[in-house]
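In listed order, ligands and their atoms are each counted from 1.
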Amino acid sequence: MTDCIFCRIARREIPAEVVEETPSVLAFKDVHPQAPVHVLVIPKKHIPRLMDLSEEDSALLADVHRVVQEAARRMGLTDDGFRLVVNNGPFAGQAVDHLHYHVLGGRKLGWPPG
Ligand code: AMP
């Protein structure tokens, strides 16, 4: 158990607009959306960065991807598509040290990112 902000959201100690929940994964709306749809999908387990994942997290990662699919369906992103982003570490601008997937959609997104 940690005091990180996403652990606290997962424990429902901090409010969030939840889109989808399973026993191991939570999807909720980003508080500063960068697109018409901006959902964060997190494992409830505290994993600081993508590079901290290990083989024992394989099933959890599959769960995360299933929740990404379900959140995308629920938010109406299936036909037009969406982007899935993981910021890993300082050069990527990771601000919250709890692994999270950004689901961004609802408009055409530029590439490459800044
Ligand atoms: P990153 O820069 O990849 O670490 O992204 C962290 C994301 O968390 C940012 O897009 C923030 O807007 C978002 N965020 C921070 N605090 C909250 C919160 N309490 N509820 C929802 N989203 C949050």
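Within ligand 1, the atoms closer than 4.0 Å to a non-hydrogen atom of Asn87 are 1 (P), 2 (O), 3 (O), numbered from 1 in the order shown. Counting the atoms of ligand 1 from 1 in the order shown, those under 4.0 Å from a heavy atom of Leu40 are 8 (O), 13 (C), 22 (N). Numbered from 1 in the order shown, with element, the atoms of ligand 1 that lie under 4.0 Å from a heavy atom of Gln94 read 4 (O).
Residue Ile47 holds its CD1 atom at 11.0 Å from SG of Cys4, rounded to the nearest 0.5 Å. Note that the CD atom of Glu13 and the CZ atom of Arg8 stand 5.0 Å from one another [nearest 0.5 Å]. A distance of 8.5 Å separates CG of Leu99 from CG of Asp52, quoted to the nearest 0.5 Å.
Nearest non-hydrogen protein atom to atom 18 (C) of ligand 1 is Ile9 CD1, 3.8 Å. For atom 17 (C) of ligand 1, the nearest protein heavy atom (residue, atom name, distance) is Val31 CG1, 3.7 Å. Among protein heavy atoms, the minimum distance from atom 16 (N) of ligand 1 is reached at Ile5 CD1, 4.0 Å. Ranking protein heavy atoms by distance to atom 4 (O) of ligand 1, first place goes to Ala95 N, 2.6 Å. For atom 8 (O) of ligand 1, the closest non-hydrogen atom on the protein side is Phe6 CZ, 3.4 Å.
Electrostatic pairing of Glu21 and Arg12 counts as a salt bridge here, judged by a charged N lying under 4.0 Å from a carboxylate O. Electrostatic pairing of Asp63 and Arg66 counts as a salt bridge here, judged by a charged N lying under 4.0 Å from a carboxylate O. Ion pairing between a basic and an acidic side chain is recognised when a charged N comes within 4.0 Å of a carboxylate O; Glu20 and Arg73 show no such pairing.
The six-membered or imidazole ring of His46 lies away from that of Phe6, with a centre-to-centre distance of 6.0 Å or more. Between His102 and His100, the ring center distance clears the sub-6.0 Å criterion.
Contact annotation: for Lys29 versus ligand 1, heavy atoms closer than 4.0 Å belong to the backbone alone. Proximity of Asp30 to ligand 1, defined as any heavy-atom pair under 4.0 Å, is shared by backbone and side chain alike.
Backbone and side-chain nitrogen or oxygen atoms of His100 are examined, and one is located within less than 3.5 angstrom of a nitrogen or oxygen of ligand 1.
For His102, the heavy-atom gap to ligand 1 drops under 4.0 angstrom. The closest approach between Gly93 and ligand 1 falls below 4.0 Å for a heavy atom of the residue.
Screening residues 94-112 for salt bridge (Lys or Arg N to Asp or Glu O under 4.0 Å), with sequence neighbours left out, gives no hits.
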